[in-house]
Amino acid sequence: MQTWLVTGGAGFIGANFVLAARRLGAARVVNLDLLTYAGHPENLESLKHDRDHEFVHGDIGDEPLVAKLLAEHRPDAIVNFAAESHVDRSILGPQAFIQTNIVGTHALLAGALKHWQGLSAAAQRAFRFLHVSTDEVYGSLGPNDPAFSEDHQYQPNSPYAASKAAADHLVRAYHHTYGLPTLTTNCSNNYGPYQHPEKLIPLMIQNAVAGRPLPVYGDGRQVRDWLYVEDHCDAIRAVLDKGKPAETYNIGGNAEKPNIEIVQTLCRLLDGRFPDKAPHARLVQHVSDRPGHDRRYAINAEKIKRELGWQPAVSFAQGIERTVHWYLDNDAWVKAVSNPDHRDWLEKNYQQQGRGI
Ligand code: NAD
Ligand code: TYD
């Protein structure tokens, strides 16, 4: 069985990836996570007795720690999910994004390179550094523009997107200059279990259930492509298994939707579950827009389909229904992750930014 060093594996996508990897017996996992406000050991509760999952509390920017983990576990691959990931937080405080997404990713690359250079030729050929990135590095599309393909120009607009773009460039340079066998994936908006309740879909579910306003930024006509998180995890395993070093792969859900439509869909599903509280859509409140808000993202995922045979298996209708059920059934999880930092955050984002709810 392979060993993977997964970073950020206590966060939303990382935890789903680690849980699936262990469920499928795909690899032994060493899981390095700093447990910021977004990392939750609760996500990994079901692996408590799994001897093939080792959790390590630490920073990807801690070079001696990374060197020690690489020497001790000799992983076949590093999968880098660790990041500051929320655009609104990057607007209020970009520094943490520069630190983890750029400086931290660079430290991880430097550690990986040193380790890789000491491997046998066969082990060097087999090793992979997979960096998980975002479609936001490509900037914003007009309504009729073709979807982002892998050779689309980088035009990041938020501090978050700029920090991810910088990391992508460093990954590219580590292959081009030193030969490190890197892979980069750029995916669209994920949704599903274990997503922090600061992000659109869990936030709207929580607020609607509690009878609180549903804060839609601006006119709510901004378009995102939505990818069910388990499909994303499948795609990453396909890239690890069959992807060509130095290549990048765009991963999408074939589900472009305006935000307001997402909110209305959630309201409809909740009306079905709680008819006495219907219509939940009465809670929708248009609030001041996000500064520099990108209008549209869309992914052309033809390359990964053609070259690696991957395409999403879960439709948006299936995925969103599963997601609503998961949040309703996991109220204890939501309460556990809604720590004081989360309450401070809501206060800052929705009141200090003049969103007035
Ligand atoms: P998340 O914020 O839920 O989780 C990030 C995890 O990284 C947390 O567990 C956190 O504790 C950990 N972390 C943060 N800084 C760290 C550091 N310095 N060292 C070690 N661990 C650290 O994020 P997510 O939504 O799961 O996103 C995972 C990755 O996927 C990110 O790189 C993000 O940019 C990318 N991505 C996310 C989406 C999405 O829709 N969520 C879309 C495209 C790309
Ligand atoms: P988000 O989940 O923050 O992801 P991203 O900004 O990375 O795409 O937001 C998804 C979309 O939803 C984005 O266009 C911003 C919008 N949004 C709202 O309208 N209201 C909210 O309260 C939040 C958190 C997001």
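Both counts, for ligands and for their atoms, begin at 1 and track the order of listing.
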How far is atom 6 (O) of ligand 2 from its nearest protein heavy atom, and which residue and atom name does that atom have?
-> Arg290 NH1, 2.5 Å
Non-hydrogen side-chain atoms of Asn189 and Asp225 separated by less than 4.5 Å | no
Does a sphere of radius 6.0 Å around NE2 in His176 hold more than 12 heavy atoms from other residues, nucleotides or ligands, not counting ones at 6.0 Å or beyond?
-> no
With heavy atoms of Val216 as the reference, note each atom of ligand 2 found under 4.0 Å away.
-> 19 (O)
Is there any N or O on Tyr217 that sits under 3.5 Å from an N or O of ligand 2?
-> yes
Can you list the atoms of ligand 2 that are under 4.0 Å from a heavy atom of Lys199?
-> 2 (O)
Aromatic ring centroids of His40 and His196 under 6.0 Å?
-> yes
Heavy-atom nearest neighbour in the protein, as seen from atom 22 (O) of ligand 2, with distance rounded to 0.1 Å | Tyr350 OH, 2.6 Å
Could you list the atoms of ligand 2 found under 4.0 angstrom from a heavy atom of His86?
-> 3 (O)
Determine, for Glu307 against Lys242, whether the closest basic-nitrogen to carboxylate-oxygen distance falls under 4.0 angstrom.
-> no
Would Phe97 end up clustered with Tyr138 when hydrophobic side chains under 4.5 Å apart are linked, directly or stepwise?
-> no
Before accepting this row, confirm whether a basic side-chain N of the pair Lys68/Glu72 lies closer than 4.0 Å to the acidic partner's carboxylate O.
-> yes
NZ/NE/NH1/NH2 to OD/OE distance under 4.0 Å, Arg295 and Asp219 | yes
Looking at atom 2 (O) of ligand 2, what's its closest protein heavy atom, distance included?
-> Leu200 N, 3.0 Å
Report every pair formed by an N or O atom of ligand 1 and a protein N or O atom separated by less than 3.5 Å, giving atom names and the distance to 0.1 Å.
residue	atom	partner	partner atom	Å
ligand 1	2 (O)	Ser85	OG	2.7
ligand 1	3 (O)	Phe12	N	3.0
ligand 1	9 (O)	Gly11	N	2.9
ligand 1	9 (O)	Asp33	OD1	3.2
ligand 1	9 (O)	Asp33	OD2	2.6
ligand 1	11 (O)	Asp33	OD1	2.6
ligand 1	11 (O)	Leu35	N	3.3
ligand 1	11 (O)	Thr36	N	3.0
ligand 1	11 (O)	Thr36	OG1	3.2
ligand 1	18 (N)	Asp59	OD1	2.9
ligand 1	18 (N)	Thr100	OG1	3.0
ligand 1	19 (N)	Ile60	N	3.0
ligand 1	21 (N)	Leu34	N	3.1
ligand 1	23 (O)	Ser85	OG	3.3
ligand 1	26 (O)	Phe12	N	3.3
ligand 1	26 (O)	Ile13	N	2.7
ligand 1	32 (O)	Phe81	O	3.1
ligand 1	32 (O)	Lys164	NZ	2.6
ligand 1	34 (O)	Tyr160	OH	2.7
ligand 1	34 (O)	Lys164	NZ	3.1
ligand 1	40 (O)	Asn190	N	2.8

For atom 13 (C) of ligand 2, which candidate among Glu136, Gln222, His293 holds the nearest heavy atom?
-> His293
Between Arg237 and Asp234, does at least one N-O distance fall below 4.0 Å, as a salt bridge requires?
-> yes
Residue, atom name and distance, where the atom is the protein heavy atom closest to atom 20 (N) of ligand 2 = Pro215 O, 2.8 Å
cation_pi(Arg322, Tyr191) dist<6.0 Å, angle<=45 | no
Would you indicate which of Leu203, Asn259, Thr134 comes nearest to atom 16 (C) of ligand 2 when only heavy atoms are counted?
-> Asn259
re atom 4 (O) of ligand 2, the protein heavy-atom contact at minimum distance is Asn189 ND2, 3.3 Å
Charged N to carboxylate O under 4.0 angstrom, Asp331 versus Lys335?
-> yes
Heavy atom under 4.0 Å from ligand 2: found in Glu198's side chain, backbone, both, or neither?
-> backbone
Kindly assign one of parallel, tilted or perpendicular to the pair Tyr327 and Trp333, based on the angle between their ring planes and the thresholds 30° and 60°.
-> perpendicular
By side chain to side chain contact (heavy atoms under 4.5 Å, CB included), which residues pair with Asp50, not counting sequence neighbours?
-> Arg22, Leu47, Asp52, His53
Would you call the rings of Tyr174 and His106 parallel, tilted or perpendicular if under 30° counts as parallel and over 60° as perpendicular?
-> perpendicular
Min N/O separation Arg224 to ligand 2 under 3.5 Å | yes
Would you check whether Asp88 has a nitrogen or oxygen atom less than 3.5 angstrom from a nitrogen or oxygen atom of ligand 2?
-> no
